[in-house]
Amino acid sequence: MYDTSDIRKGLKVLMDGHPYTVIEFQFVKPGKGAAFTRTKFKNLLTGGVVEKNIRSGEKLEPANVEDKTMQFLYKEGDDFVFMDPKTYEQVTIAAETIGDDHDLMKDNIEVQVLFFNERSVGVTLPNFVLLRVTGTEGGVAGNTAAGNVTKPATLETGAVVAVPLFINEGDLLKIDTRERAYVERVKG
Amino acid sequence: MDDDRARLRGRILWRDGERAGLRTEAGDLVIAAPPGARAGDLVDGHEVVRAHPGGEYPRPDSEVARLPRARLDALAARARATAAVRAFFAARGFVEVDVPLRVRTPGLEVHLDAVPAGEGRWLITSPEYQMKRLLAAGLERIVAVCRCFRAGEVGAQHEPEFTMIEWYRAWADLDAVLADTEELVAEVARAVRGAQAVVVGDRVIDVTPPWPRMTVAEAMARWAGVSALDGDEAELARALAAAGIDAGTARAWDDLFYAAFVSRVEPQLAALERPLVLLDWPVRLGALARRCPERPGVVERFEAYIAGVELCNAFGELVDPVEQRARFEEDRRQRAARGKPVHAVDDRLIAALEEGIPPSAGNALGLDRLVMLVTGAASIRSVAWFTDAEL
């Protein structure tokens, strides 16, 4: 068990059956009262953030969670197969566990897989990925006047993102996975 | 060049090949140094301290010795604030006293942890016991500006070693001490900032007296939705549950109270545009305060908050030796129940109360927090000459 003096950023704890990580904490102590640690936790399953005031002397249960770097191998139906490059151990993760970003994953990309009680519960992509445009229409003149200076482009993984009008099929794009947003065109 | 050097007063900090770094009255500079000079050698009258490890000068991590400008400015402001505090009390006829920092019996309060000082001594958590003995000894207006020590308190508003301004007025009530407090803060703000205002984040807070007042009962009812402050633990726990306040495993009355206070009242105090004086504390949070003769259930105690910063805690002092001993014994039981060191009752303090202390009121105000407010510092570490982490 952890006590309040163990609280620091990144500490993983179990509350109400869910794993949480500490994202912020502050020592609070009324002059005549007990000390509290005002702590913000992020739910590792839902991403939701909760704040709790943990009184000195209270205990926190450690969460059995582990972050592993794994390589995306291939898609199998609605499932995605990953491999630990150190042990060659493979895991299969459903698209719904990965979330909306599964269509930004290209073969062989390295991602962070979160395990909770030995079970994979989440996948975090690198902040930026490079993906090639497989389909986009030419820029339509006249649209810019309405402030519409982007157009949709389909990427090699199937994702569709908004890109500037000068982007052509075959271009290699840097994509911010957190925003699902075009960053820039890169050579290659 | 030789003439310039002759005028330099300072010392050589480092040597690196042909160059040497010099710290002079006028600032740091680099001069040519004869090859082969080693630590202890004299170069143009300057002693070589040690060979330079190479790389940038000053080193990027050199703020251990060279404090950043903002910290130096804050510390200069701290010195002005301290001088203003002393002048304030001197002008009002207070005697500044020195208290021992190593004592046999540190504060017995359940939520304060004293630091052991060896030889059966502890460092004081507050100068209160010794100052009350001085009140009994016949001094009527006393102030101490002294270091206090509280184990385990580290945060944006806490350092385990900090400075307390503590003052007592004999033959006076809590209102007189509240007036002192308001005027003191306004005076220090004027001395440091030239205006009766303090700075918290991007907010400027007017500290012109008098400050708004509110009772603890009203603050708890308004902001925490809890009004059962006269009942027992079970009743308070039910009120917290009804208000949707998570008190964790808290069972003791004061832990329940502070769970509600910290989660619901403090955030509201932080948002206020003016200081707030919280008055009329429940008897259970009485500590060393006397019961309020007109209002049953509360003690003569106030705390002043500025933008959520708890600046001070004041009492109409408990001077009844029998009740004082009973409260100390209760504190000792609580400490034992929580597995904390159980310090002896200060018999000399009790003896002083038995001989008689005039009706008195006193306040303990954190100098570091006052300096934070008048300099706009976000952390107590920014206004400390040395922080615990820098030792």
Side-chain angles (χ1 to χ4, degrees), chain A residues 1-65 114 116-117 121-122, chain B residues 107 109-113 125-126 150-159 164 245-267 269 278 281 284-289 301 303 305 308 310-315 338-340 364-366 369 379-380:
Chain A
M1 298 296 266
Y2 297 126
D3 59 35
T4 51
S5 63
D6 295 315
I7 293 176
R8 52 186 52 80
K9 276 185 194 170
L11 188 75
K12 309 280 195 300
V13 300
L14 188 70
M15 297 189 299
D16 305 324
H18 278 204
Y20 286 82
T21 184
V22 171
I23 53 176
E24 235 180 87
F25 69 98
Q26 192 190 0
F27 179 80
V28 180
K29 188 183 178 304
K32 304 292 174 191
F36 290 82
T37 308
R38 181 167 287 157
T39 313
K40 267 194 188 143
F41 298 95
K42 186 169 135 196
N43 186 319
L44 289 170
L45 303 185
T46 68
V49 173
V50 293
E51 186 180 290
K52 279 178 185 281
N53 295 307
I54 310 194
R55 187 167 39 83
S56 170
E58 304 233 22
K59 300 287 178 208
L60 290 165
E61 192 176 339
N64 177 16
V65 294
L114 180 72
F116 173 44
N117 293 336
V121 292
Chain B
E109 281 171 71
V110 178
H111 298 295
L112 295 185
D113 294 322
T125 55
S126 119
R150 296 180 180 180
E153 300 194 0
V154 182
Q157 295 178 20
H158 294 83
E159 272 284 314
M164 192 83 99
I245 297 166
D246 175 11
T249 59
R251 296 286 171 272
W253 196 93
D254 68 324
D255 285 346
L256 290 164
F257 174 90
Y258 277 111
F261 190 86
V262 164
S263 61
R264 295 286 173 85
V265 177
E266 276 201 345
L269 295 173
L278 274 182
W281 287 73
R284 290 169 185 272
L285 304 174
L288 275 69
R301 170 180 171 194
E303 287 190 350
Y305 284 83
E310 181 191 331
L311 189 60
C312 65
N313 181 80
F315 294 143
R338 294 182 193 230
K340 297 191 168 195
L365 187 148
R369 290 184 187 174
S379 166
I380 194 168

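Sequence lines set the chain letters: A, B, ... in the order given, protein chains first and strands last, and positions in each chain run from 1. What's counted below: heavy atoms across the whole structure, side chains too, no hydrogens, waters or symmetry copies.
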Student: Taking the side chain as every heavy atom from C-beta outward, state whether A:Asn53 and B:Arg264 have any pair of such atoms under 4.5 Å apart.
Tutor: no

Student: Who in residues 13-28 of chain A is close to chain B, using a strict under-4.5 Å heavy-atom cut-off?
Tutor: A:Phe27, A:Val28

Student: Quick check on the interface: out of A:Glu58, A:Glu51, A:Arg38, A:Lys52, who has the most heavy-atom pairs with chain B under 4.5 Å?
Tutor: A:Glu58

Student: Given that the side chain runs from C-beta out, which part of A:Lys59 has a heavy atom under 4.5 Å from chain B: side chain, backbone, both or neither?
Tutor: neither

Student: Need one label for A:Ala34: side chain, backbone, both or neither, based on atoms under 4.5 Å from any heavy atom in chain B.
Tutor: both

Student: With respect to chain A, which residue among B:Val154, B:Asp246, B:Asp254 yields the maximal number of heavy-atom pairs within a distance under 4.5 Å?
Tutor: B:Val154

Student: Please look at B:Ala364 and chain A and tell me whether the side chain, the backbone, both or neither of the residue comes under 4.5 angstrom of a heavy atom of that chain.
Tutor: neither

Student: Could you state the interatomic distance from NZ (A:Lys29) to CD (B:Glu310), rounded to the nearest 0.5 Å?
Tutor: 8.0 Å

Student: Let's test your reading of the structure: which of A:Ser5, A:Pro30, A:Ala35 forms the most heavy-atom pairs below 4.5 Å with chain B?
Tutor: A:Pro30

Student: In this structure, are over 12 heavy atoms from other groups packed under 6.0 Å from A:Lys42 atom NZ?
Tutor: no

Student: Please identify, among B:Glu109, B:Glu303, B:His158, B:Arg150, the residue contributing the most non-hydrogen atom pairs under 4.5 Å to chain A.
Tutor: B:His158

Student: Specify the closest pair of heavy atoms between A:Phe36 and B:Asp255, including all atoms of both residues, with the distance to one decimal.
Tutor: CZ-O, 4.3 Å

Student: Measure the spacing between CG of B:Leu285 and NZ of A:Lys32 and express it to the nearest 0.5 Å.
Tutor: 10.5 Å

